[in-house]
Amino acid sequence: MPARFSFAPFCRLACCLFFALSLSACSGAKQSATAGAEPIFQPDGKGGFTFDGRHMTQRAYPGLKNVTKVSLLKEAGVQLFVNYPEGIGEKADTVIQRKVASLAGAFVLSVMPTPEYMEEEAALDEKDEAAALFHSRVYPGMIDYEVTETGGGALSVRFCVWNYHGGAHDNWTYHALSLERDSGEAISLKRLFAGPKSVERTARWLTEQNEKMRREAERSPNPLSRDLLHIEVAPEEINMGRIALTPEGLSIRFDPYEKASFADGDVTLLVPKSEFKRLGINAAFWK
């Protein structure tokens, strides 16, 4: 029988995480308060962190500051490492911080086990020493980002929410946020496209372009690629959560498994500026 869903522990933990992200990067004292769970992201003594012996660095963008927060969430069995940009402007910075808090809260809810699940796992752990060790581990979660600018006063922050929580491999999802640099106002789908017909035309154009990619894949020596790159784009899949504004045009990125196998990697599609007029895309956000 499926475990019953309980919102209470999720809401408590999401609130704790929201306040944790409002603080400065956690110190050793804060981390040691969660006895019995060893932090994965360790301070390197130089203001940064290491993960699995590797130094964690976030790319620096001109004129922007990178902010790093680390929260060890023992209840969820995860340590969350968060990077986000700051210094665009007061309003834009606030919008970005809210987006990061939302992503972090959603991530924790996605991995937080229900009390019923924990009871079932505890019963299994009593019988299996290896299972007990596996379930006592703390797994890494990370929110990283990239910034792209159009050169016309608009920019996008594309966040990558990465995690490994057991299984054959890690996984990640992408979440984009586009803003006007000066005002900090979010750029919506209605402001970017002339209307629903424009979105439909763009989806058809992308599907046609991907058919060309598929034909090229058929000539690939990798037999897997020949079957897994049949990509169609629906109008509803074109949304501001996927779209990043870049100097070249509109970049639309899909998560692993959405359009291809994990082995094939991410699928990133580009609508170049040269197609904007024909497709009905507002070029005012570019030079």
Please report the closest heavy-atom contact between [X] and [Y], naming both atoms and the distance.
X: S178; Y: A244; result: OG-CA, 4.5 Å
X: F276; Y: G249; result: CZ-CA, 3.8 Å
X: N239; Y: E236; result: ND2-O, 3.5 Å
X: D255; Y: Y174; result: OD1-N, 2.8 Å
X: F107; Y: G141; result: CZ-CA, 3.9 Å
X: V95; Y: G184; result: CG2-O, 4.1 Å

Is it the case that [X] and [Y] place a side-chain donor and acceptor less than 3.5 Å from each other?
X: S251; Y: R158; answer: yes
X: N83; Y: T68; answer: yes
X: N66; Y: Y84; answer: no

Do [X] and [Y] make a side-chain contact, defined as non-hydrogen atoms from C-beta onward lying under 4.5 Å apart?
X: P85; Y: Y145; result: yes
X: T148; Y: L155; result: no
X: S156; Y: T246; result: no
X: T207; Y: W205; result: no
X: F254; Y: L269; result: yes
X: P256; Y: N171; result: yes

I'd like to know if K91 pairs up with E185 as an ion pair, taking the criterion as any Lys NZ or Arg NE/NH1/NH2 lying under 4.0 Å from an Asp or Glu carboxylate oxygen. no
Hey, are E248 and K273 close enough for a salt bridge, meaning a charged N less than 4.0 Å from a carboxylate O? no
Nearest 0.5 Å, what's the [atom1]-[atom2] distance between [X] and [Y]?
X: I252; Y: I243; atom1: CD1; atom2: CD1; value: 5.0 Å
X: W286; Y: I281; atom1: CH2; atom2: CD1; value: 7.0 Å
X: T202; Y: R278; atom1: OG1; atom2: CZ; value: 9.5 Å
X: I187; Y: E180; atom1: CD1; atom2: CD; value: 5.5 Å
X: L245; Y: T150; atom1: CG; atom2: OG1; value: 6.5 Å
X: I96; Y: F159; atom1: CD1; atom2: CZ; value: 6.0 Å

Can E208 and L206 be said to form a side chain to side chain contact (heavy atoms under 4.5 Å, CB included), step by step? CA-CA 5 Å; E208 292 168 0; L206 286 169; over 6 Å; no
Do side-chain atoms of E237 reach the backbone of A234 as a donor and acceptor pair under 3.5 angstrom?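 Yes; at least one donor-acceptor contact below 3.5 Å.
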Please confirm whether the backbone N or O of C160 pairs with a side-chain atom of D144, one donor and one acceptor, at under 3.5 Å? no
Donor-acceptor list for residues 192-201 side chains, cut-off 3.5 Å, not counting sequence neighbours:
unit_1, atom_1, unit_2, atom_2, d
S198, OG, L279, O, 2.6
S198, OG, G280, O, 2.9
R201, NH2, L279, O, 3.4

Hey, any chance L64 and L177 share a hydrophobic cluster, counting ILVMFWY side chains that come within less than 4.5 Å of each other, even indirectly? yes
Same apolar cluster: L270 and M240, side chain cutoff 4.5 Å: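 Unlinked, L270 and M240 end up in two clusters.
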What verdict does the side chain to side chain contact (heavy atoms under 4.5 Å, CB included) test give for V267 and R253, after you've listed the backbone C-alpha separation in whole Å, the side-chain angles of each residue and the deciding distance to 0.1 Å? CA-CA 6 Å; V267 172; R253 185 170 295 172; over 6 Å; no
Under the criterion side chain to side chain contact (heavy atoms under 4.5 Å, CB included), I'd like the reasoning laid out for V161 against H175: C-alpha separation, chi angles, the key distance, then a yes or no. CA-CA 8 Å; V161 182; H175 309 266; 3.7 Å; yes
Heavy-atom count around E90 CD within 6.0 Å, excluding the residue itself: above 12? no
I238 and V233: side chain to side chain contact (heavy atoms under 4.5 Å, CB included), yes or no, with the steps? CA-CA 8 Å; I238 299 179; V233 180; 4.1 Å; yes
